[in-house]
Amino acid sequence: MPELPEVETVRRGLAPFMEGRTIRKLTLNRPDLRFPLPKDFSARIEGRKVVRMSRRAKYLVIMLEGELSVIAHLGMSGSFRIETMAEAVGDFHHPRSKDAAHDHVIFQMADEQGGEARIIYNDPRRFGFMDLAETGALDLYPSFSALGPEPTGNSLSADYLAERFRSKKSPIKSVLLDQRVIAGLGNIYVCEALHRSGIGPERLANSLVTPTGRAARGLEDLTGAIRQVIAEAIEAGGSTLRDHIQTDGSLGYFQHRFRVYDREGEACVTPGCGGTVSRIVQSGRSTFHCPACQK
DNA sequence: AAGTGAACCTGAAGGC
DNA sequence: TGCCTTCAGGTTCACT
């Protein structure tokens, strides 16, 4: 499920239950997710205190004492939930799978007063993974080393995108999904950002760059739309798809603000547009857009 | 070199 | 009801 806003929401939800607390016990209910879990995973992290919860693109980073970090990716269907001794207190992004059969990894946390909480990783499809890396060398971690800038940071600019788009003659939709260009966007937020900036998903990326390599008209709008949609989604607690009611009533309501994603056949919400949202397939994935106002 | 498609895996939803 | 097909928020690897 998770694109950047969802992972950031998970990070914020877990932080109060992990930061400053000690991993008392790590339970592995199977030896692998998408990849084998780290060798001696439990032995290497049990007894260590969590220094800080961080995030890079769609990866969660749990920084531990002793310069060791757990890197976690939620794949398509991964989620964390928190249980205290008393009751479940939160369900962080997780639309499906209440099914304990897919509880694969359990962190048992202890605070200084002896309070306990269980942080449970559930992932039916097992496209997620966990790994260990030295905290000081995270930038060299294979999945991190080639990542582009975060859409929330200062390094994302129209000029930067112009430089990256210049040589790309593939559809803008595919280029925005490339984590080496921008890190953290996924299918939903790419569709939404393109709609907000009035750019058709099939337009070639290099058409947004002038012959001299400058940002063409529209690229500035796209840059702003990316920043805006990501910021709004984080503020809304991400998006929760195909879910019933949020039991805790608090997390993930950005799906109500989708303008095109999963709205095939519905009227375009752009003022005065009058178009109809359409679904096409690009590189094997659904793209939702309005052919009337996205050019 | 770059771009597309298949593969990884399970479950939900829709068609007949 | 049951069976079959399609689809799902991601990433990587193997092909043109």
Side-chain angles (χ1 to χ4, degrees), chain A residues 1-10 29-36 55-60 71-80 92-104 121-131 141-148 151 164-193 201-206 229-230 233-234 236-244 251-258 260-265 279-288:
Chain A
M1 52 184 173
E3 300 181 34
L4 188 156
E6 289 72 38
V7 179
E8 177 60 20
T9 299
V10 170
N29 289 332
R30 54 178 302 134
D32 59 351
L33 295 170
R34 176 169 189 176
F35 309 116
R55 178 192 60 72
R56 175 71 171 104
K58 304 172 190 175
Y59 300 83
L60 199 61
I71 295 165
H73 195 289
L74 307 180
M76 292 277 269
S77 60
S79 65
F80 282 96
F92 293 98
H93 257 283
H94 144 180
R96 329 163 199 198
S97 73
K98 312 279 187 200
D99 190 350
H102 299 299
D103 289 349
H104 304 310
Y121 180 70
N122 182 293
D123 187 356
R125 294 176 74 179
R126 301 199 305 280
F127 285 175
F129 72 85
M130 291 189 196
D131 200 359
Y141 185 73
S143 300
F144 289 6
S145 59
L147 287 176
R164 298 303 305 266
F165 288 180
R166 190 174 187 178
S167 62
K168 305 241 180 232
K169 62 182 176 75
S170 43
I172 183 68
K173 160 80 186 302
S174 331
V175 174
L176 291 176
L177 282 175
D178 185 342
Q179 303 296 298
R180 297 169 299 184
V181 177
I182 305 182
L185 298 184
N187 211 30
I188 291 177
Y189 298 108
V190 165
C191 291
E192 294 296 316
E202 296 179 294
R203 208 166 138 183
L204 302 189
N206 64 8
V229 75
I230 292 297
I234 289 173
S239 305
T240 308
L241 299 193
R242 295 167 209 88
D243 199 4
H244 324 291
L251 297 175
Y253 52 88
F254 191 76
Q255 64 277 15
H256 303 302
R257 305 238 286 272
F258 290 169
V260 287
Y261 187 82
D262 208 18
R263 299 195 60 213
E264 183 181 16
R279 173 184 174 272
I280 61 175
V281 176
Q282 294 180 283
S283 302
R285 311 200 58 192
S286 287
T287 299
F288 297 89

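Below, chain A is the first sequence line, B the second, and so on; all start at residue 1.
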Say you pick atom P in C:dG9 and the same atom in B:dA13; how far apart are they, in whole Å?
-> 15 Å
Closest to the side chain of A:N187, out of C:dG9, B:dT4, B:dT10, is C:dG9
Out of C:dT12, B:dG3, C:dG9, minimum distance to the side chain of A:K168 belongs to B:dG3
Between CG of A:D262 and C1' of B:dG14 the distance, given in whole Å, is 14 Å
Should the side chain of A:R126 and the base of B:dT10 be counted as holding a donor-acceptor pair, with the cut-off at 3.5 Å? no
Out of B:dT10, B:dG3, C:dG9, minimum distance to the side chain of A:S170 belongs to B:dG3
Between NZ of A:K169 and P of B:dA1 the distance, given in whole Å, is 15 Å
Counting C-beta onward and ignoring hydrogens, is there a side-chain heavy-atom pair between A:L4 and A:R55 closer than 4.5 Å? yes
Taken to the nearest whole Å, CG/A:D123 to C1'/C:dG10 is 11 Å
Between B:dG5 and C:dC7 - P atom distance, rounded Å
14 Å
Among the nucleotides C:dG9, C:dA8, C:dT11, whichever has the atom closest to the side chain of A:S286 is C:dA8
Correct closest heavy-atom pair for A:L147 and A:A57 would be CD1-CB, 3.9 Å
Whole-Å distance, A:F127 CZ to C:dA8 C1', equals 10 Å
Heavy atoms of A:C191 and A:K173 approach each other most closely as SG-CE, 4.4 Å
Report yes or no: does A:R164 contribute a side-chain atom to a donor-acceptor pair with the main-chain N or O of A:R180 at less than 3.5 Å? yes
Closest heavy-atom pair, A:N187 versus A:R285, reported as atoms and distance to 0.1 Å, is CB-NH2, 3.7 Å
- Which is true for A:P142 with a 4.0 Å heavy-atom rule: it touches a base, it touches only sugar-phosphate, or it touches nothing? nothing
Side-chain atoms of A:Y261 come closest, of C:dA8, C:dG10, B:dT4, to C:dA8
Taking C:dT12, C:dT11, C:dG9 as options, the one with an atom nearest any side-chain atom of A:S143 is C:dT12
Could you tell me how far B:dA7 sits from C:dT5 if I compare only their P atoms? Round to whole Å.
16 Å
*Inspect the surroundings of CZ in A:R30 and state if more than 12 heavy atoms from other residues, nucleotides or ligands are less than 6.0 Å away.*
yes
**Asked** Between the base of C:dA8 and the side chain of A:R125, is there any donor-acceptor pair under 3.5 Å?
**Response** yes
In terms of heavy-atom contacts, A:S143 and A:F129 come closest through OG-CZ, 4.3 Å
Stems in DNA chain B, runs of 3 or more consecutive Watson-Crick or G-U wobble pairs with both distances under 3.5 Å, sorted by first number, are B:2-8 with C:10-16, B:10-16 with C:2-8
Roughly how many Å apart are C:dA14 and B:dC9, using the P atom of each and rounding to a whole number?
16 Å
